[in-house]
Amino acid sequence: MKSYLLQLALLGLMISLTTGCETQSKEEASPSPPFINPELPERPNILWLVAEDQSPNIPTFGDSTIETPNLSRLAAEGVAYDQFYAPHPVCAPARAAIATGMYANHISASHMRTGPWFLDNMPPEIMERVKDYWPKGLEMYEAIPPAEVRMFSEYLREAGYFCTNNPKTDYQFRKTPTAWDESGPDASWTHRQAGQPFFAIYNFQVTHESQIWAKAKDSLWVAEDLDIPIPPYLPNTKKAKTDIRRMYSNIKEMDHQVGELLKELEEAGELEKTIIVWYTDHGGPLPRQKRLLYDSGLKVPMIIRFPGKAHAGERDDRITSFIDLAATTLSMVGIKPPSYMEGTAFLGKHIRKEEPTYSFGAADRFDEKTDKVRSVRDKRYKYIRYYMPNEPMFLNVAYRNQMGIMQELLRLRDEGNLTEEQALWFRMTKPEEELFDIEADPHELNNLAKDPAFAPKLQELSSALDTWMAEHEDTGMMDESELLKKLWPEGQQPVTQNPIIQLEDGKISISSETEGASIGYKIWKKGEPAPQAWQIFQAPIELEAEMRVSAIAHRIGYLPSEEVNGSENAKN
């Protein structure tokens, strides 16, 4: 027996020495367990820290070009998710999926953008000026999900959470008045009542693609000669390197902003009561990243820090998607996700019983350029299907052309000096389908779709995509003008019916004849100002004397109702 134990010990030592000598491409971390689902406080706070337009370009996920001390701290004290994907490679459709737990191409939200609803807090004159610059020939409309769909923050508010959003609201539809306690640049979890749990979102716009050119003259947070990796699909020129360094500089600045919010949380004594989720809203800001269904547009980093540093330093390689975020957030606070959600909870009380095999993606119109592309990915292979193969692969989006590195690519194209890898993006037609081995070909340059050796995998993924598309009507596959006719049968945006306030025995009930409408109300004393936030009506409310009440109703995608005032004195 002693000899056997000695052999085991020597074997363990040899394994330890062998693995210790391997060069790791990511920051040191424990191996992934079958699944991670820590025991959570009964009503934890949840803080989302959301960077824009960023691929996994930080040390935690294998890119050591720069140091990101605050994100590295989160990863050291939390869990890094290695298979996290956006279902749409651009912000507004991706955010529609996050807010509803539904794929944007299933709820008429996959075209980027349907309107300037992200400016709905702006004065009317600002909205009118935006409309003047709207691309000619493109209608403005709001996506209309099925009647039962609500912004998931409403479920948290109904459970007593103080919900804030700072400040992004580009969901492809106007936010409902009941979605947030506060939404805007000054929104903060610190405004809640003492002891009230909170759900707060902070969006970091410094990493957005526009900041590549908008901050071009600003000083860098990195060395001006920083040695940078250049993907083979991008040019290796001075102008291109300048923009890539700017991207890394913006990531450094974002990391600093994350640190400021962590400091605020820690100083308030809320750190160990809070689940912190950091992720990005889709892939990177550089050309051939954002807007494409390659991993450079869909694969994103995510780190979750749990109270008490549960599972600190571990990694999770389960396939997860943005459509899972709503269900998972509800599950982590003990709320059962509604059955209509297409996403499932990967954490919490209502964690899914089976892990998904695939992650799906969809890309349709981007500004003035229309396309129809769908994708499916397992942990190693990506399948992409192009529904407009006779159109050019490259979509010449004017907004992106403001970027210097994009101008470099166009110059090299016009001069005939693109490399073979760069020229793939500028093909005059598309293949009908692509298949990539991501492990062997991380930049997705070698199409295996016609290789007989990969025919079984091609068939598997193609069938999986067919099944996914057949499960629900894919509104992105419709001609957009026909989609608009379906959403607005009479050519006019539908309007939420005004709420009906009924008073009986000193209690008020509020309803709306519009199916699926969220109903908000305000109650205040006569002679005092009305509250700013709309509360969500859930059950009859007893009113004291000399109280005022008003109500509003709003179904997602419809125009909101008028504000209706109720009785000034409920006792009369």
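Everything numeric in this text was worked out from a predicted model, so none of it was measured.
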Legend entry - Steps toward side-chain contact (heavy atoms from CB on, under 4.5 Å) verdict (T65, N57): CA-CA 8 Å; T65 305; N57 296 120; over 6 Å; no

So does [X] pair up with [Y], basic N to acidic O under 4.0 Å?
X: R192; Y: D181; value: no
X: R385; Y: E434; value: no
X: R113; Y: D367; value: no
X: R95; Y: D170; value: yes
X: D378; Y: K457; value: yes
X: E253; Y: K215; value: yes

Roughly how far, to the nearest 0.5 Å, is the [atom2] atom of [Y] from the [atom1] atom of [X]?
X: E444; Y: S375; atom1: CD; atom2: OG; answer: 9.0 Å
X: S359; Y: K299; atom1: OG; atom2: NZ; answer: 10.5 Å
X: E272; Y: F306; atom1: CD; atom2: CZ; answer: 13.0 Å
X: N447; Y: D437; atom1: CG; atom2: CG; answer: 12.0 Å
X: T207; Y: I251; atom1: OG1; atom2: CD1; answer: 7.0 Å
X: E209; Y: R291; atom1: CD; atom2: CZ; answer: 4.0 Å

Under a plain distance cut-off of 3.5 Å, with no hydrogens placed, do [Y] and [X] share a side-chain donor-acceptor pair?
X: W213; Y: S210; value: no
X: N401; Y: N396; value: yes
X: Y383; Y: R377; value: no
X: E182; Y: N165; value: no
X: Y387; Y: D364; value: no
X: T370; Y: R365; value: no
X: D255; Y: N70; value: yes
X: Y386; Y: E433; value: no
X: K239; Y: Q407; value: yes
X: Q83; Y: Y81; value: no
X: T274; Y: N45; value: yes

Kindly indicate whether the side chain of [X], heavy atoms from C-beta on, has any atom under 4.5 Å from the side chain of [Y].
X: I201; Y: K168; value: no
X: M151; Y: K175; value: yes
X: E270; Y: W189; value: yes
X: L298; Y: F360; value: no
X: L409; Y: L234; value: yes
X: K273; Y: P41; value: no
X: T60; Y: R315; value: yes
X: S183; Y: T169; value: yes

Enclosure of [X] [atom1] (heavy-atom neighbours >12, cutoff 6.0 Å):
X: E264; atom1: CD; answer: yes
X: D227; atom1: CG; answer: no
X: E224; atom1: CD; answer: no
X: E432; atom1: CD; answer: no
X: K379; atom1: NZ; answer: yes

Which atom of [X] lies closest to which atom of [Y], heavy atoms considered:
X: D243; Y: G404; answer: OD2-N, 3.1 Å
X: M112; Y: P93; answer: SD-CD, 3.7 Å
X: I319; Y: R352; answer: O-NH2, 3.0 Å
X: E67; Y: P59; answer: CA-CG, 4.4 Å
X: E368; Y: L138; answer: CA-CD1, 4.2 Å

Inset, instruction - Verify salt bridge (charged side-chain N to carboxylate O under 4.0 Å, His left out) between R73 and E266, making sure each step is shown before the conclusion. - result: CA-CA 13 Å; R73 174 197 172 185; E266 202 162 13; 3.3 Å; yes

Legend entry - Where at least one partner belongs to residues 405-444, residue pairs that pass ring-ring contact (aromatic ring centres under 6.0 Å, His included), sequence neighbours excluded: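 Residue pairs passing ring-ring contact (aromatic ring centres under 6.0 Å, His included), neighbours aside: Y233-H443, Y294-F436, F394-W425, F394-F426.
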
Inset, instruction - For residues 397-409, pull every pair meeting salt bridge (charged side-chain N to carboxylate O under 4.0 Å, His left out), keeping only residues two or more places apart or in separate chains. - result: E408-R411

Inset, instruction - Assign the ring pair F84 / F322 to parallel, tilted or perpendicular, where the plane angle (0 to 90°) is split at 30° and 60°. - result: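 F84 vs F322 ring planes: tilted.
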
Inset, instruction - Measure up the W48 and F199 rings against each other and bin them: parallel (under 30°), tilted (30 to 60°), perpendicular (over 60°). - result: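 Answer is perpendicular, since the angle exceeds 60°.
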
Given 3.5 Å as the limit, does a donor-acceptor pair link the side chain of [X] with the main chain of [Y], or not?
X: Q289; Y: G283; result: no
X: H282; Y: K290; result: no
X: S321; Y: D324; result: no
X: Q172; Y: A109; result: yes
X: N166; Y: P185; result: yes
X: S249; Y: W221; result: yes
X: Q422; Y: T419; result: yes

Legend entry - Evaluation steps, salt bridge (charged side-chain N to carboxylate O under 4.0 Å, His left out), between D371 and K430: CA-CA 11 Å; D371 210 345; K430 307 181 187 77; 3.5 Å; yes

Legend entry - Audit row: L325, F152, side-chain contact (heavy atoms from CB on, under 4.5 Å) steps and yes/no: CA-CA 10 Å; L325 288 173; F152 84 90; over 6 Å; no

Inset, instruction - Given side-chain contact (heavy atoms from CB on, under 4.5 Å), test L47 with I275 step by step and report yes or no. - result: CA-CA 6 Å; L47 176 64; I275 300 169; over 6 Å; no

Inset, instruction - Apply side-chain contact (heavy atoms from CB on, under 4.5 Å) to the pair S188 and Y202, showing each step before the final yes or no. - result: CA-CA 9 Å; S188 172; Y202 287 88; 3.5 Å; yes

